[in-house]
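The structure under discussion appears below in the form of structure tokens.
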Amino acid sequence: MSPSGPELIKQIRSQVDEVDPADINRQIGNGAVVVDVRETHEFEAGHLPGAKHVPRGYLESRIEGAVPDHDAHVILYCQSGQRSALAAHTLKDLLGYQHVESMTGGITLWKDRGFDVEVPKALTPEQRERYSRHLLIPEVGVEGQQKLLDAKVLLLGAGGLGSPTALYLAAAGVGTLGIVDDDEVDLSNLQRQVIHTTDRIGVPKVDSAEETITAINPDVKVVKYPVRLDASNIMEIIEGYDVIVDGLDNFPTRYLLNDASVRLDIPVVSAAILGFDGQLSVFKPHDGPCYRCLFPEPPPAELAPSCGANGVLGVLPGTMGLLQATEVVKLVVGEGDPLIGRLLLYDALGATFTEVKIHRDPACPVCSREPGEISDEEMGVFPDYEAFCAAAG
């Protein structure tokens, strides 16, 4: 005769290693991976500090993403200890995990013992509907979406690159978008700068961009900087942002941005476009090379003309801007393999992508130093980049 449901659970629990909440409280932060196997609404009501969320119904398909190492020490818990015991049995006997335990009494006993519980910010019903497709992706989910909502991303420029990047970051739910641009919308912009419209010609680009972003997602906070980025304001403007999107079109400001972002330890997603060609990389301080490692000095002016002087295919900034937005999302949610130490080259005419490795220069005057080694007197002090670049030409 087949065992009844309660008998089967009792049998499985007898085969699973169970651990007391007090023991788990001592192990948190010491290498054990704690996994909550309850439903989403239960997890959002409160969970163990640092716990990963893998609902029991998705255990087989999502546990690898949360715990890729089958030799890791995994502690599972639920509300009372039954679901976590069944999940532990699945991990150990069916999926090959070697060191799996189930917490006795679940989070109910954990709370009774007076241990800490984290209560995450909850998504509103409207947010759940708006970001529903994100919530279905294991690499994003509720946790990743909340990271996006809490993120602050600074866009340098509301032009060709900044336009598509801003549109998609707003749609993705990035909570704060800063925009630096001192220009006004011009008729010649509209061939590629899709965040602006004909009826806004003559309007400051930061205002035009804000209007479009708000129409897409009214929850996004837009911080406007209708100024030209220079040595006198860069430190104040970029400080406090999680990621910077470089849509600049000149070498002096790119070098200035590089030094400031390295000193403040802020990653930069940088793209450049000209004609039918685009390039993209991520400069994350101390995790990879910086912009100076790629370009130790600017090329002569005739070899690096601006887009205004030589033109650009209207759809090209859309392609590169969307790639920038993708890299930003990966950095914010902490998933995937960002383009750190790699330069992606796109040839629109040939429809080809080429990847070039970039190596960190151990003698780089900026990124070879730790931020703590830079004195207060050096912070925000930059050479005359205009003269430097002119001399290079």
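Heavy-atom basis, side chains included; hydrogens, waters and symmetry copies ignored. When a residue number appears, it is its place in the shown sequence, counting from 1.
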(message) Among E184, E210, Q193, H196, exactly one meets side chain to side chain donor-acceptor pair (under 3.5 Å) together with K205. Which residue is that?
(response) Q193
(request) Without swapping roles, check the side chain of T253 against the backbone of D249 for a donor-acceptor pair under 3.5 Å. (result) no
(message) Other residues, nucleotides and ligands only: do more than 12 of their heavy atoms fall within 6.0 Å of OH on Y58?
(response) no
(request) Identify whether L86 and L91 are in the same connected component of the hydrophobic contact network (ILVMFWY, side-chain heavy atoms under 4.5 Å). (result) no
(message) Tell me whether the count of non-hydrogen atoms from other residues, nucleotides or ligands lying under 6.0 Å of NZ in K111 goes above 12.
(response) yes
(request) Could you pull out the closest heavy-atom pair between P49 and W110, with the gap in Å? (result) CD-CZ2, 4.2 Å
(message) Tell me whether E211 is salt-bridged to R200, with the criterion being a basic N under 4.0 Å from an acidic carboxylate O.
(response) yes
(message) Could you check whether any side-chain N or O of Y131 sits under 3.5 Å from a backbone N or O of Q146, counting only pairs where one atom can act as donor and the other as acceptor?
(response) no
(request) Determine whether V37 and L109 fall in the same hydrophobic cluster, where Ile, Leu, Val, Met, Phe, Trp and Tyr are linked whenever their side-chain heavy atoms lie under 4.5 Å apart. (result) no
(message) Atom NZ of residue position K284 - does it have more than 12 heavy atoms of other residues, nucleotides or ligands inside 6.0 Å?
(response) no
(message) Check this for me, if you would: do R228 and D183 make a salt bridge, where the nitrogen-to-carboxylate-oxygen distance has to be below 4.0 angstrom?
(response) no
(request) Given side chain to side chain contact (heavy atoms under 4.5 Å, CB included), test V74 with V35 step by step and report yes or no. (result) CA-CA 7 Å; V74 182; V35 179; 4.1 Å; yes
(message) Using the rule that Ile, Leu, Val, Met, Phe, Trp and Tyr join whenever any side-chain heavy atoms are under 4.5 Å apart, tell me whether V142 and V119 fall into a single cluster.
(response) no
(request) Using a 4.5 Å cut-off on heavy atoms from C-beta on, say whether the side chain of I179 contacts that of V223. (result) no
(request) Please report the shortest heavy-atom distance between V16 and H89, naming the atom on each side. (result) CG2-N, 4.0 Å
(request) Check whether any side-chain heavy atom of V153 sits under 4.5 Å from a side-chain heavy atom of V245, and report yes or no. (result) yes
(request) Nearest 0.5 Å please: distance from the CG atom of L135 over to the CZ atom of R133. (result) 10.0 Å
(request) Evaluate the side-chain proximity of T90 to I63: yes if any heavy-atom separation is below 4.5 Å, no if none is. (result) no
(message) For L322, is there any backbone N or O sitting under 3.5 Å from a side-chain donor or acceptor partner on T326?
(response) yes
(request) Determine whether more than 12 heavy atoms belonging to other residues, nucleotides or ligands lie under 6.0 Å from atom CG of D93. (result) yes
(message) Do S270 and R254 pair up side chain to side chain, a donor and an acceptor below 3.5 Å, judged on atom types alone?
(response) yes
(request) Kindly give the heavy-atom pair with the smallest separation between V312 and L316, and that separation in Å. (result) CG2-CD2, 3.9 Å
(message) Please give me the minimum heavy-atom distance between S102 and A85, naming the atom from each residue.
(response) OG-N, 3.4 Å
(message) Is there a path of hydrophobic side-chain contacts, each under 4.5 Å between heavy atoms, that joins L177 and L331?
(response) yes
(message) Given 3.5 Å as the limit, does a donor-acceptor pair link the side chain of N217 with the main chain of I213, or not?
(response) no
(request) Could you tell me whether the side chain of R360 reaches within less than 4.5 Å of the side chain of C367, counting heavy atoms only? (result) yes
(request) Could you grab the distance from atom CD1 of I75 to atom CD1 of I24, nearest 0.5 Å is fine? (result) 4.5 Å
(request) Examine V194 and V220 and state if one hydrophobic cluster contains both, with Ile, Leu, Val, Met, Phe, Trp and Tyr joined whenever side-chain heavy atoms are less than 4.5 Å apart. (result) yes
(request) Nearest 0.5 Å please: distance from the CG atom of L167 over to the CD1 atom of I195. (result) 4.5 Å
(request) For T108 and S80, indicate whether the former's side chain and the latter's backbone hold a donor-acceptor pair under 3.5 Å. (result) no
(request) Quick one: pull up CG in L155 and OH in Y225 and give me the separation to the nearest 0.5 Å. (result) 11.0 Å
(request) Kindly indicate whether the side chain of I237, heavy atoms from C-beta on, has any atom under 4.5 Å from the side chain of L229. (result) yes
(request) Assess whether side chain to side chain contact (heavy atoms under 4.5 Å, CB included) is satisfied between V185 and L190, documenting all intermediate values. (result) CA-CA 8 Å; V185 179; L190 303 182; 4.0 Å; yes
(message) I need the L344 CG to L323 CG distance, nearest 0.5 Å.
(response) 6.5 Å
(message) With a 4.0 Å cut-off on N to O distance, would you call E44 and R128 a salt bridge?
(response) yes
(message) If we check side chain to side chain donor-acceptor pair (under 3.5 Å) with H70, which of these qualifies: E64, Q98, H99?
(response) E64
(request) Answer yes or no: is there a side-chain heavy-atom contact under 4.5 Å between D182 and P226? (result) no
(message) As an exercise, state the distance from CD1 of I28 to CZ of F115, rounded to the nearest 0.5 Å.
(response) 9.0 Å
(message) For E236, I'd like to know if atom CD has over 12 heavy atoms of other residues, nucleotides or ligands within 6.0 Å.
(response) no
(message) If you count heavy atoms of other groups shown closer than 6.0 angstrom to CD of E143, is the number above 12?
(response) no
(request) Decide yes or no for Q79 and I107: does some side-chain heavy atom of the first lie under 4.5 Å from some side-chain heavy atom of the second? (result) yes
(request) Please confirm whether the backbone N or O of R56 pairs with a side-chain atom of E39, one donor and one acceptor, at under 3.5 Å? (result) no
(message) Using the rule side chain to side chain donor-acceptor pair (under 3.5 Å), only one of H53, E118, E42 pairs with H47; which is it?
(response) E118
(request) Please collect all side-chain hydrogen bond (donor to acceptor under 3.5 Å, both in side chains) contacts where either partner lies in residues 160-171, sequence neighbours excluded, each pair once. (result) none
(request) Would you please test K224 and D207 for side chain to side chain contact (heavy atoms under 4.5 Å, CB included) and show each step? (result) CA-CA 8 Å; K224 298 180 290 185; D207 293 337; 2.8 Å; yes
(message) Could you report the tightest heavy-atom contact between P362 and S368, atom names first, then the distance?
(response) O-CB, 3.3 Å
(request) Taking all non-hydrogen atoms of both residues into account, name the closest pair between G159 and P164 and its distance. (result) O-CD, 4.5 Å
(message) Is it the case that the side chain of S261 and the backbone of V268 share a donor-acceptor pair, with hydrogens and angles ignored and the cut-off at 3.5 Å?
(response) no
(request) Any chance you could lay out the side chain to side chain contact (heavy atoms under 4.5 Å, CB included) test for Y346 and Q279, step after step, and finish with the verdict? (result) CA-CA 6 Å; Y346 174 56; Q279 67 180 40; over 6 Å; no
(message) Salt bridge or not between D150 and K147? Use side-chain N to carboxylate O under 4.0 Å.
(response) no
(message) Using a 3.5 Å distance criterion without hydrogens, assess whether the side chain of E327 forms a donor-acceptor pair with backbone atoms of L339.
(response) yes
(request) Measure from NZ or CZ of K92 to the centre of the six-membered ring of Y97 and say whether it is under 6.0 Å with the direction within 45° of the ring axis. (result) no
(request) Spell out, as yes or no, whether a donor-acceptor pair under 3.5 Å connects the side chain of E335 to the backbone of K330. (result) no
(request) Answer yes or no: is there a donor N or O on one side and an acceptor on the other, between the side chain of D259 and the main chain of L256, under 3.5 Å? (result) no
(message) Is there a side-chain contact between R342 and S281 in this structure, where contact means two heavy atoms from C-beta onward sitting under 4.5 Å apart?
(response) no
